[in-house]
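Remember, it's 1-based here, ligands and their atoms both numbered in the order they're listed. The chain is numbered in sequence order, starting from 1.
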Amino acid sequence: MFHYEDLVKFFQYEVRGISPRGLFNCGNSCYANAVLQCLMCTKPLMIHLLLRLHSKDCCSKNWCLMCELEQYASTLRESGGPVSPSRILSNLRNIGCRLGGGSQEDAHEFLRHLVMSMQAACLDGLGGEKQVEQSLQETTLIQQMFGGRLKSKVKCLRCHHESERYENIMDLTLEIHGWVESLQDALTQFTAPEDLDGDNMYKCGRCCAYVKARKQLSVHEVPNILTVVLKRFQESMARLTNVSLFLICWTWFLL
Ligand SMILES: [Zn+2]
Ligand SMILES: [Zn+2]
């Protein structure tokens, strides 16, 4: 659907005439503003929006997130003060997103909803997600930018049988426990082997029993643009409480 060569070209484009603009806080919308600012700094997406490559073929009769983002991106070309994300926020509620009702929300949830909605908008022209084969769904601009795969490997410590599972991801959530000083540290913690033992034993298909095992996660297919969500948790009263804001950083990989 979207050619990989075009994505490479978009990475190499020079964008002129865009200066950073602030966003109005539309009532506790700082979580959404942070995500929108990050998205607008995602070069291939920004170029796609500025070239209006979506709307020239869009046949949606209803409100469309990609068309709205094209409008939004073009306002960033105009000089001026802060802009308001209210049209995006109010319409997102109309398409089933429960975020944005004026209360404090989760930036990660908002990001996921935006990415899912952008992917759905890319598939609308082909009759929607249910009508499009999985292999074709993986060739949209959104999937080619953010899509990747995680591998989870579990080794039974009794019979040494290994099983592998793969999971498609659009971002990587790193839960930070203890002392982590850098993204590298967080990735090392994420990919460190974990022993499954005690209440958390593994049911080995070959042993037909719950056994001790070792589990390890790794990034099997690295997205072209890796979105890392850092979540810091604090243990209190045997309950894990999320105490930090979400940090979303875009890591650009050499193509
Ligand atoms: Zn559209
Ligand atoms: Zn086993």
Side-chain angles (χ1 to χ4, degrees), residues 1-3 6-7 10 32 35-36 39-40 42 44-77 83-97 99-100 110-132 136-147 151-166 170 193-217:
M1 290 179 70
F2 186 83
H3 296 292
D6 288 337
L7 185 67
F10 284 6
V35 170
L36 285 169
L39 274 183
M40 289 303 123
T42 306
L45 177 64
M46 189 60 173
I47 289 166
H48 189 267
L49 296 173
L50 288 172
L51 294 175
R52 296 188 174 268
L53 295 177
H54 164 81
S55 58
K56 69 182 177 62
D57 295 323
C58 179
C59 42
S60 173
K61 292 185 180 67
N62 301 317
W63 180 81
C64 166
L65 176 62
M66 286 300 278
C67 290
E68 185 70 48
L69 287 173
E70 282 187 0
Q71 291 276 357
Y72 175 72
S74 59
T75 62
L76 300 180
R77 273 218 152 133
V83 286
S84 170
S86 61
R87 277 174 58 96
I88 295 173
L89 293 179
S90 58
N91 279 295
L92 273 179
R93 285 200 293 279
N94 295 341
I95 58 166
C97 177
L99 302 177
F110 182 70
L111 170 70
R112 284 191 158 176
H113 198 88
L114 271 189
V115 171
M116 263 169 43
S117 301
M118 285 193 288
Q119 170 75 351
C122 291
L123 298 172
D124 266 356
L126 296 174
E129 193 180 336
K130 289 188 181 136
Q131 306 297 322
V132 185
L136 198 56
Q137 288 187 25
E138 290 177 7
T139 62
T140 62
L141 167 75
I142 302 303
Q143 184 71 38
Q144 291 201 49
M145 284 195 300
F146 301 124
K151 181 167 95 172
S152 166
K153 189 170 79 177
V154 180
K155 183 177 183 182
C156 169
L157 294 181
R158 189 195 282 178
C159 73
H160 303 292
H161 175 67
E162 286 185 353
S163 78
E164 289 177 354
R165 275 182 39 219
Y166 296 86
M170 296 298 257
E194 176 194 359
D195 283 337
L196 305 178
D197 198 358
D199 292 341
N200 196 22
M201 289 229 272
Y202 168 68
K203 188 168 186 187
C204 173
R206 190 178 276 181
C207 296
C208 296
Y210 283 95
V211 292
K212 287 183 185 178
R214 187 155 296 151
K215 178 181 171 184
Q216 188 162 26
L217 294 170

State whether the number of non-hydrogen atoms from other residues, nucleotides or ligands found under 6.0 Å of K151 atom NZ is greater than 12.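 Enclosed.
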What angle, to the nearest 10°, do the atoms SG (C159) and SG (C156) form about the Zn ion (ligand 2)?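 Rounding to the nearest 10 degrees gives 100°.
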Rounded to 10°, how big is the angle at the Zn ion (ligand 1) from C58 SG to C64 SG?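 So the angle at the metal works out to 130°.
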Report, rounded to 10°, the angle at the Zn ion (ligand 1) between the two atoms SG (C67) and NE2 (H54).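 My answer is 110°, to the nearest 10°.
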Say you draw a straight line from CG of D124 to CD of Q119; how long is it, rounded to the nearest 0.5 Å?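 With rounding to 0.5 Å, CG (D124) is 10.5 Å from CD (Q119).
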Pair R52-S74, side-chain donor/acceptor within less than 3.5 Å: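 The criterion, which ignores hydrogens and geometry beyond distance, is satisfied for S74 and R52.
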Metal proximity, H160 vs the Zn ion (ligand 2), N/O/S cut-off 2.8 Å: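 It does not: H160 brings no N, O or S atom closer than 2.8 Å to the Zn ion (ligand 2).
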With side-chain contact (heavy atoms from CB on, under 4.5 Å) as the test, would you mind laying out the steps for M170 and I142 before giving the verdict? CA-CA 9 Å; M170 296 298 257; I142 302 303; 3.8 Å; yes
